[in-house]
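Quick note on labels: first sequence line is chain A, next is B, and so on, each numbered from 1.
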Amino acid sequence: MGALAIKNVTKSFGDTDILKGINIDIDAGQFLILVGPSGCGKSTLMNIIAGLEGPTSGEVHIGDRVVNNVAPKDRDIAMVFQSYALYPTMNVRQNIAFGLETRKVPKAEQDEIIARVAKMLQIEHLLGRKPSELSGGQRQRVAMGRALARNPKLFLFDEPLSNLDAKLRVEMRAEIKQLHQRLKTTIVYVTHDQIEAMTLGDRIAVMKDGVIQQFGSPQEIYDSPANLFVAGFIGSPSMNFIPCHIAEQGGVLGVALQGEGEPVFFALPERLNVQGRVGQAVILGLRPEQFDQADAGGVACRIRITEPTGPDTMLLSQLNGRDIIARVHPRHAPAAGELCSLVPDLRKAVLFDPETQTRIG
Amino acid sequence: MAEQGKFWRAVVYGSLLIAAVYYLLPLYVMLTTSVKSMEEIRAGNLLSLPLDITFAAWSKAWSTACTGVECTGLQPYFWNSVAMVVPAVAISTALGAVNGYVLSKWQFRGSEVVFAMILFGVFIPFQVLLLPMAQTLGLFGMANSITGLVFVHVVCGLASTTLFFRNYYVGIPDELIKAARLDGAGFWRIFFRIILPMSTPILTVTVIWQFTQIWNDFLFGVVFSSIDSRPITVGLNNLANTSTSVKEYNVDMAAALIAALPTIVVYVLAGKYFVRGLTAGAVKG
């Protein structure tokens, strides 16, 4: 049974359309990510799910009921906010208890819940402290504890990790994932960070300009992005976009890539279905890891900059007049200014229509 | 270099000292004069220390000095002021807090316009209000009473108190309100449990501000009061202007100090919070 269904939800402020017909459906226990650049409408959508704002049209279902006219507190949801939104004048125990008190949970039961949640998140020793006496990571735990105490049907996370430093963010990310696996609750998680989206989500909705650009599993979105925006947004460093023309050589369809020298022809896999497009302009999408270094059969490229990251080295160069990044093994990496032969692995390549920006194969 | 630094430091401290003395001198004169006897005042000089400290002038100013035809001292006026200030400060502060809470955290269509109009009230010179306010008070049957004065001060203070609270609450993250709503709390519960406990600095600022404004007000006090509802500022004025054969400087000074004492006490007790509240722009989560 569906845990959350969003049907044709729109939101407008005056003439500005923030959301233009959103449809999402997830099952109980799934981890849904809403990801997109700022201003894409993801936080508005979150607020609509929480009931903090109403949609202009459309329906929100939580479980088996339509909640459009249900107050936030009666939606059986809990939310973790970007700023944690801990009540500054209350200590940790009171912060967790506040929601239980307003719901008239008996005192003994409150204590039991607080003890359980505190144990789960290892914040037992912090119960008497004020939020101002906690570190960022501890505040994050308390905010999660407050949400967990309610044992809701749906958890909402609004950019919960963006105020943490890089190291802590990775730790907390793993903890959230572990928590989800243990509790098997349904989670909706808003982020602008594509790595969080990829690592945490069962389902990802990539949003831009109030429209869902693509809705699918992380791997689907990574391997088969629906359009140029999704392809460029997910993955780091981003996918290379190389303008080409579909050509035919010896009965094989392919594209010509030119670095520092003559153009080299590469055959496209049949999967891409480009028959009848010969001569047409396309954009070839190649991820940085889809390049190999080889002595023969490659296209000669002048390396402008190298960026060693440790496990890999990024090579910045140009193909068909466009900047590209190739991710290669550091052992054989050339130095900046050198020529290097790069072999594109086109088995996983994707093609986009330069006009509509959508994927054609 | 070091010598030069010392020189300029001396110049700075020297000018600060002169400024401090300049401002403290009137207080010094008032204090010393108020504990001198009339003979000493007549004989001595203005700046000399009292030879023989006497509190007779204070006692007279408090209970027997004449303000016009009655000779009751400032005592009844003082209690009138207390009876006016306490409810006026409490009501205007409470309403300002709720106004500020609504205008910052529960914005409605047109709330910015309402706020702009309230803000306008801060800049209206009170003299403009005298006639319409007199009519309003008459209409409500509150003319010439302490209740009427409380009403006037609440209405006139509301603009400032709303402004103070609104600007303070704007700095409180909206996410706190959202979190509380999801926790099941409503308008008043959020106000009393979350917002008000965070408001100590701005409450202090507002109470001090309102207390000083209302206690020191002369205009409304003189216009909207009758014999038995006059506040201390009017009493002081009458006391100082009542002409007897001799001008009793010591009584006048004692009376002025009595009138100023409550505001001084409030500043001493809460001044620390006053500065802190004025500078506390944002609240850290």
- [ ] Check for a donor-acceptor pair, side chain of A/Tyr87 on one end and backbone N or O of B/Ala180 on the other, with a separation under 3.5 Å.
- [x] yes
- [ ] Without swapping roles, check the side chain of B/Glu175 against the backbone of A/Ser83 for a donor-acceptor pair under 3.5 Å.
- [x]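 Judged by distance alone, yes, a pair lies under 3.5 Å.
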Atom pair [atom1]/[atom2] of [X] and [Y] - distance to nearest 0.5 Å:
X: B/Leu182; Y: A/Arg146; atom1: CG; atom2: CZ; value: 9.0 Å
X: B/Ile177; Y: A/Leu52; atom1: CD1; atom2: CG; value: 11.0 Å
X: B/Met198; Y: A/Met90; atom1: CE; atom2: CE; value: 10.0 Å
X: B/Leu176; Y: A/Leu86; atom1: CG; atom2: CG; value: 8.0 Å
X: A/Thr102; Y: B/Arg193; atom1: OG1; atom2: CZ; value: 9.0 Å

TODO: Check whether more than 12 heavy atoms from other residues, nucleotides or ligands sit under 6.0 Å from atom CZ of B/Phe108, and answer yes or no.
DONE: yes
Open item on the list: Among A/Val80, A/Leu156, A/Thr89, which residue has the highest count of heavy-atom pairs closer than 4.5 Å to chain B?
Closed with: A/Thr89
- [ ] Could you go through the side-chain contact (heavy atoms from CB on, under 4.5 Å) check for A/Glu101 and B/Arg189 one step at a time?
- [x] CA-CA 11 Å; A/Glu101 269 172 46; B/Arg189 198 179 177 88; 4.1 Å; yes
TODO: Heavy-atom distances under 4.5 Å only: say whether A/Asp74 touches chain B with side chain, backbone, both or neither.
DONE: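 Neither part.
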Open item on the list: Are the side chains of B/Arg181 and A/Lys73 in contact, using a 4.5 Å heavy-atom criterion?
Closed with: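 The answer is no; the side chains never approach within 4.5 Å.
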TODO: Would you check if A/Arg150 and B/Asp183 make a side-chain contact, meaning some heavy-atom pair closer than 4.5 Å?
DONE: yes
